[in-house]
Amino acid sequence: MPLLINQSVVADDKWLRVDVDTLAQHPDAAVIVPFDLFAAEQESLLAGDRPLAVQINGDQDFELVLANLERLSLVVVEFPAFTDGRGFSFARILRRKGFTGEIRATGDVSHDRLEYMTRCGFDAFEIPDERFTAETCSVFGEITVHYQGSADDERPIFRR
Amino acid sequence: MYQYNEQDQNLVNQRVEQYRDQTRRFLAGEIPDDEFRGLRLMNGLYVQRHAPMLRVAVPYGLMNSVQVRKLAHIARTYDKNYAHFTTRTNLQFNWPKLEEVPDILAELAEVQMHAIQTSGNCLRNTTTDHFAGILKDEIEDSRPWCEIIRQWTTLHPEFAYLPRKFKIAVTGSSEDRAASQVHDIGLHLVKNDAGEVGFEVLVGGGLGRTPMIGKVICEFLPKHDLLTYLEAILRVYNLNGRRDNKYKARIKILVDALGIDKFRELVDAEWAEIRGGEMHLTDAEIERIKGFFEPHPYEADAVKGVAALEAKLAEDSDFAAWYERNTREHKIDGYRAVVVSLKPYLKAPGDITDVQLDVVADLADKYNFGEIRSTHDQNLVLAHVQAGDLFALWQVLAEHNLARPNIGTLTDMIVCPGFDFCSLANAHTLNVADQINQKFDDLDYLHDIGDIKLNMSGCINACAHHHVAHIGILGVDRKGEDYYQITLGGSSREDASLGKVIGKAVPQVEVADTLEKVLQVYIEQREEEERFIDTVRRIGLTPFKERVYAPVN
């Protein structure tokens, strides 16, 4: 599955996805922890000092992620379906809270949403193989006029 | 009216090319059907019963003659020589080819038009009063505010995948011709005790399966806070609106489930984070946009035409009947606003041909500063016609079947296209509209009945707003037969109310006869000068039910 970071394909993902069975096997690795596991094990996870990421979707408790941003280097936002737009607001709020780590979109993520996602604060995208083509990276800049302020530039067009 | 600058033009041009590429990738099999559906809907393209349908945005119902001629050209070149105006004041083409839509969009972009967000689960076209700017009692012209909202909503990156569609309406006077109380957000320009202009904000109105009147979330919103407050509402909705059931996904369901007080708390908490931020409107921006809506250069001596007008009114009763029903006062003496009826005898309400579009454009250039407005009731308005020009204008309109003197009467119906065109519809509507027209074509009778609002929807989605009509008709399917449920007592105006069902649905052939019984009760029971809706409110539904469902001897 191709990973785009800052609009370019990245060959190696330094992050490792773990679940309840594999978490203990990688005590020092940079891990992406599913939200439920993060919620259950937050004390030990937060106490450590290895790079830590949480994967969350719109049904889960975003407040818990927001409360622990200082300890997180990456937040992965899952889009279970392309019609589920909650993740756009998650990214927007993460940036507003001052989160400077990576915000990565995963799930039903493809070409025609990358630009909006970028504007909302995403800087990384996991794109399913069958939805990735050589043209995917050219989507950025299809529309260069932005009326609203957003995470990429908080100023609306009338303040620029 | 608003004129695009270079950036506005770039945006629509780029959007055309983006959509062209999306269409190309879809036809090449690179975008799954489901996903292309989402993308084409956000650009106004449905796939209907017979063909695709393209909905073109008419922001707050305002067009110029160049744009209207372009719409005529598109109807001629890409469609079957006609188009259809909707209750969101947009325009629909019923027969475009999917592959040609990018070319149609490119033609629209040439005249500062587009189809952005005319469908899909996103922020839709903002609507307003079709008499904005000419009303004597107006607090402010609502159109600059609509344009400010239009820019904010256009290609909004965060709110393109909402739980469901989202509609905003703005009014600028004490009268409500925009059905603002049955919108997701209704904005009313108001003045506070200090004389400052701001907005009363309603949220959670809507029609469809679960009709609701909007609730006041903010009694006075200072005008500079408009966009931050809208953004706060939208963010709360985007995060909390239901996504498990499309019939429970509108904001009205969320507001109702939480209660308005709890919903307001959530919005206020979000608003506190962004209120003073970059989206706070500046005086310079408000003034810049208002500058596009300065009054037209009215003739100082227009009032001199009144004498000629009065002479014509005295000698031509057809003209007088039209003048009475289809024109209204303008804040400038010597001017009238003209409603161009798109409700001719036995034609689909809201339809207009390419020839008629060209005629209206020419009339607008000749008599109306080149301006044309579309209305929520599916008519057109030429808002600034000199008294002395009315007779000549009327003659041309009449020649082209655009002057039926029925505005505000029973045959000025809002009707959705129904089963003939729409893939959602359960029942036909256009044949019933014909039936009603045939039954009630007598002008004296119609004018005697007076102001009445009749709306007919072909399914529960209520596109024709039947819940908020004085008389609402809803088509339902009964084992393959079209039946029609009748509601009475609805209103979409400042006195908004939801109509109540009078009883079991009637068969298709009995709709007009049933209406006749309803109207007969009104005629018998009305007090002097009492409108139909007021009689219904005073005497209740029982007398109507008794008459309609009386046993046949």
Side-chain angles (χ1 to χ4, degrees), chain A residues 57-59 61-63 66 79-93 95-97 108-122 128 130-136 138-139 141-160, chain B residues 5-15 17-18 21-22 25 30-32 34-39 42 120-122 148 150-163 227 231 234-241 243-244 270 273-274 277-282 284-286 288-289:
Chain A
N57 67 40
D59 287 331
D61 182 10
F62 188 46
E63 293 300 321
L66 292 179
F79 289 79
F82 77 88
T83 51
D84 186 341
R86 289 175 290 189
F88 293 89
S89 289
F90 279 6
R92 189 85 173 80
I93 291 169
R95 292 300 183 214
R96 187 172 82 200
K97 297 276 182 196
D108 197 343
V109 175
S110 63
H111 190 117
D112 294 289
R113 277 167 301 287
L114 301 186
E115 214 173 10
Y116 279 179
M117 286 175 170
T118 302
R119 291 197 56 204
C120 287
F122 287 95
E130 68 276 14
R131 300 308 311 281
F132 187 83
T133 70
E135 292 172 337
T136 303
S138 67
V139 64
E142 278 183 357
I143 307 276
T144 57
V145 181
H146 304 147
Y147 285 125
Q148 318 77 6
S150 196
D152 57 339
D153 184 347
E154 290 286 346
R155 295 169 305 162
I157 197 164
F158 61 81
R159 286 184 188 268
R160 275 178 233 137
Chain B
N5 60 27
E6 195 182 337
Q7 288 174 309
D8 301 316
Q9 189 65 53
N10 279 344
L11 185 146
V12 295
N13 291 349
Q14 290 175 346
R15 178 66 184 122
E17 291 316 308
Q18 183 182 50
D21 188 53
Q22 289 170 347
R25 285 185 284 122
E30 292 173 26
I31 304 180
D34 253 17
E35 190 176 322
F36 185 63
R37 182 177 175 277
L39 296 175
M42 260 187 263
N121 295 330
C122 51
I148 286 169
R150 183 193 74 82
Q151 298 196 9
W152 170 73
T153 57
T154 299
L155 303 186
H156 198 295
E158 186 181 348
F159 304 132
Y161 297 89
L162 294 168
L227 296 183
E231 188 159 310
L234 264 297
R235 192 164 292 131
V236 168
Y237 171 55
N238 191 38
L239 288 170
N240 298 286
R243 290 173 184 270
D244 59 327
E270 173 58 29
E273 299 275 340
I274 58 176
E278 299 280 357
M279 292 300 292
H280 189 81
L281 279 164
T282 60
E285 176 64 0
I286 294 170
R288 182 181 80 88
I289 300 290

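Within every chain, numbering begins at 1; the chains are lettered A, B, ... in the order of the sequence lines, protein sequences first and strands thereafter. These figures come from a predicted structure and were not determined experimentally.
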So what's closer than 4.5 Å to chain A heavy atoms on [X]: side chain, backbone, both or neither?
X: B/Ile274; value: side chain
X: B/Leu39; value: side chain
X: B/Glu17; value: neither
X: B/Arg150; value: side chain
X: B/Arg243; value: side chain

Part of A/Asp84 within contact of chain B (heavy atom distance under 4.5 Å):
both

Side chain, backbone, both or neither: which part of A/His111 has a heavy atom under 4.5 Å from chain B?
side chain

Would you check if the side chain of [X] reaches a backbone N or O of [Y] as a donor-acceptor pair within less than 3.5 Å?
X: A/Arg119; Y: B/His156; value: no
X: B/Gln14; Y: A/Thr144; value: yes
X: B/Asn238; Y: A/Gly85; value: yes
X: B/Glu35; Y: A/Thr83; value: no

Got more than 12 heavy atoms from elsewhere within 6.0 Å of CD, A/Glu130?
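Yes - once you tally the heavy atoms of other residues, nucleotides and ligands closer than 6.0 Å, there are more than 12.
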
If you take all heavy atoms of [X] and [Y], which pair is closest and at what distance?
X: B/Gly277; Y: A/Arg159; value: O-NH2, 4.1 Å
X: B/Gln151; Y: A/Gln148; value: O-NE2, 3.8 Å
X: B/Asp34; Y: A/Phe82; value: O-CZ, 3.4 Å
X: B/Arg25; Y: A/Asp112; value: NH2-OD1, 2.8 Å

Begin from the C-alpha positions of A/Arg92 and B/Glu231 and carry the test side-chain contact (heavy atoms from CB on, under 4.5 Å) through to its verdict.
CA-CA 12 Å; A/Arg92 189 85 173 80; B/Glu231 188 159 310; 3.7 Å; yes

Value rounded to 0.5 Å, distance of [atom1] in [X] from [atom2] in [Y]:
X: A/Phe158; Y: B/Leu227; atom1: CZ; atom2: CG; answer: 6.0 Å
X: A/Cys120; Y: B/Glu158; atom1: SG; atom2: CD; answer: 5.0 Å
X: A/Asp153; Y: B/Glu278; atom1: CG; atom2: CD; answer: 7.5 Å
X: A/Tyr116; Y: B/Leu155; atom1: OH; atom2: CG; answer: 4.0 Å

Greatest number of heavy atom pairs closer than 4.5 Å to chain B - which of A/Asp152, A/Asp59, A/Ile157, A/Ile143:
A/Ile143

Just give me the residue among A/Glu115, A/Glu142, A/Glu154 that pairs up with chain B most often, heavy atom to heavy atom, under 4.5 Å.
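With the most close heavy-atom pairs to chain B, the winner is A/Glu142.
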
Contact winner vs chain A - [options], heavy-atom pairs under 4.5 Å:
options: B/Arg288, B/Glu30, B/Arg235; value: B/Arg235
options: B/Asp8, B/Asn13, B/Leu162; value: B/Asp8
options: B/Asn121, B/Thr282, B/Asn10; value: B/Thr282

Please work out which of the three classes, parallel, tilted or perpendicular, describes the rings of A/Phe88 and B/Tyr161, given edges at 30° and 60°.
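Parallel, since the angle between the ring planes stays under 30°.
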
Test side-chain contact (heavy atoms from CB on, under 4.5 Å) on A/Ile93 and B/Glu273; report intermediate values, then the result.
CA-CA 10 Å; A/Ile93 291 169; B/Glu273 299 275 340; over 6 Å; no

Evaluate the side-chain contact (heavy atoms from CB on, under 4.5 Å) criterion for residues B/Leu11 and A/Tyr147: first the C-alpha distance (whole Å), next the side-chain angles of each, then the deciding distance (0.1 Å), finally the verdict.
CA-CA 9 Å; B/Leu11 185 146; A/Tyr147 285 125; 3.6 Å; yes

